[in-house]
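Within every chain, numbering begins at 1; the chains are lettered A, B, ... in the order of the sequence lines, protein sequences first and strands thereafter.
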2 protein chains.
Amino acid sequence: MEIKQRIIEESFQMFVRFGIRSVTMDDIAKSMGVSKKTIYEHFEHKEDLLCQCINYHKSLQDTRINEIKKSSENVLETIYKIMYEAVSNMQKVNPAFLADLRKYHYKLCEELMPRHEQQQVEEALALFEQGVADGIFRDDIDLKIAAIVLNKQLKTMSDENVFVAENISVIDAFKTIILIFTRGMATTKGLEIIDRILKQNES
Amino acid sequence: MEIKQRIIEESFQMFVRFGIRSVTMDDIAKSMGVSKKTIYEHFEHKEDLLCQCINYHKSLQDTRINEIKKSSENVLETIYKIMYEAVSNMQKVNPAFLADLRKYHYKLCEELMPRHEQQQVEEALALFEQGVADGIFRDDIDLKIAAIVLNKQLKTMSDENVFVAENISVIDAFKTIILIFTRGMATTKGLEIIDRILKQNES
DNA sequence: TAAAAACTTATAAAACGAAAAAAGTTTTCA
DNA sequence: TGAAAACTTTTTTCGTTTTATAAGTTTTTA
């Protein structure tokens, strides 16, 4: 693999695991067994490296979402799988990563986050609309609001430690939310599919 | 009305409208046409006044919730009415109020907030349990998680300005959330009641 | 030639102090 | 007697300086 790509993948892992601030360019160089000069030959500055890390991660995510879509039988299955992966990924991210991004890379954050969030909302909206078209979701719901709310809900869930205090695992909380949410939007047909999926997962 | 009670009510209104920091003891005295000495005869210090304001507000809220419970035909009606009032009240609170509480009255905040939040969750939980007992809500849901999530959801909604950016009114967003949420927990019987309530509100 | 080390520079956090504002107290006066 | 004004004290804010750390650059060396 090309050295530049290797630097992106390695430093992304480090940023996600320890945060941005606490991973220095020296750390990255040492961890990869290269000199800082080599890194600076491929990236203008740390923020440039960080930006390329994030873009790389996004492209990975997009690929994964398309894979899931292809392998799912209906919108509900797609939603469950995507959400499960999203929450699993969220749990791996050190809170310092987002905190550092906001604090020390405010400009980059302001540039990337709104677009990223909007993409996520649009992704959810498209799935919901597909669900309505397939007779799985009710047609009397404001899908846009639903998409925004679900997005916010999952974000809040990972940020806060409400569930930790109550001895509830994030994954259980997440399952409950998604289940209530999809049932709340589902038609009779949708409810049947949900029950079928639940039974499958039990066994 | 007793002067002490009048001070509590007036200063609470001012705190909620403008925040805590920007309402000085001089402001309160001037607004009430009394001297600061009079205020300090009834309250040890500003934080004491603030604390009594909050407790007063809580007792009002409790009374209101009991009224709503009595006047409702079923749990769903109770939930809708309580939530509607809660959101209406939230909108009236200047964000500076909560910000000041956290920043300048951290100790008081740490003392009151967790208890307050827990009470709200328990209130929701009791309603959900009643709903299950009445055959309105499904019995296969983790009610505790549901209660926490709904609570958090409404809190997030008022804090963030997601909906403002999307030109969605807070009240519309709130209605969508509550509708999806209650439908997601409802049995067939519950769904029928929800539809009936919706029809009533249309006309 | 590229890693390692040594270096300079930029940034951020911490420490400090002055100034401002408001809490809390005392005095004045109607 | 209690409102209004004047006062002291405490707290917060704001600007400055110092210090430390890590970014970014250059030099050394294997």
Does a side chain donor of either A:Thr182 or A:Tyr80 reach within less than 3.5 Å of an acceptor in the other side chain?
yes
Rounded to the nearest Å, what distance is computed from the CG atom of residue A:Asp27 to the P atom of nucleotide D:dG24?
14 Å
Phosphate OP1/OP2 of D:dA22: any A:Thr24 side-chain N/O under 4.0 Å
no
How many whole angstroms separate atom CG of A:Asp26 from atom C1' of D:dT25?
12 Å
Can you tell me how far P of D:dA23 sits from CG of A:Leu50, to the nearest Å?
12 Å
May I ask you to test the B:Leu50-B:Ile54 pair for a side-chain heavy-atom distance under 4.5 Å?
yes
Phosphate OP1/OP2 of D:dT13: any B:Arg21 side-chain N/O under 4.0 Å:
yes
For the residue pair A:Ser59 / A:Asp62, report whether a side-chain donor-acceptor contact shorter than 3.5 Å exists.
no
When rounded to whole Å, the NZ to P distance for the pair A:Lys103 and C:dT11 reads 16 Å
State whether a side-chain donor-acceptor pair under 3.5 Å links B:Gln130 with B:Asp134.
yes
What's the CG-C1' distance between A:Asp100 and C:dA13, to the nearest Å?
14 Å
I'd like to know if the side chain of A:Lys144 and the backbone of B:Glu166 have a donor-acceptor N/O pair within less than 3.5 Å.
no
Name the residue closer to the 5' end of DNA chain D, choosing between B:Lys30 and A:Val23 according to the nucleotide with the nearest heavy atom.
B:Lys30
Return whichever of B:Tyr104 or B:Val34 has its heavy-atom-nearest nucleotide of DNA chain D closer to the 5' end.
B:Val34
Cation-aromatic face contact B:Lys152/A:Phe163, 6.0 Å, 45 degrees:
no
Considering only distance and modelled atom types, tabulate donor-acceptor pairs under 3.5 Å from the side chains of residues 90-97 of chain B, sequence neighbours left out.
{"residue": "B:Asn94", "atom": "OD1", "partner": "B:Ala96", "partner atom": "N", "Å": "2.8"}
{"residue": "B:Asn94", "atom": "ND2", "partner": "B:Arg17", "partner atom": "O", "Å": "2.9"}

Please give, in whole Å, the distance from C:dA23 P to B:Ile20 CD1?
12 Å
Between the axis at one end of the helix from C:dT1-D:dA30 to C:dA30-D:dT1 and the axis at the other (five pairs apiece), what's the angle to 10 degrees?
20°
Nearest to the side chain of A:Lys36, which nucleotide is it out of D:dA6, C:dA6, C:dA3?
C:dA6
What is the distance, to the nearest angstrom, from the CE atom on B:Met25 to the C1' atom on D:dA6?
18 Å
Looking at A:Val34, is its backbone amide N or carbonyl O close enough to the side chain of A:Thr38 to form a donor-acceptor pair, meaning the two atoms are under 3.5 Å apart?
no
So, with a heavy-atom separation below 4.0 Å from DNA chain C, the residues of residues 37-46 of chain A are A:Thr38
Without swapping roles, check the side chain of B:Thr187 against the backbone of B:Gly135 for a donor-acceptor pair under 3.5 Å.
yes
Take atom CD1 of B:Ile28 and atom C1' of C:dG24, then tell me their distance rounded to the nearest Å.
13 Å
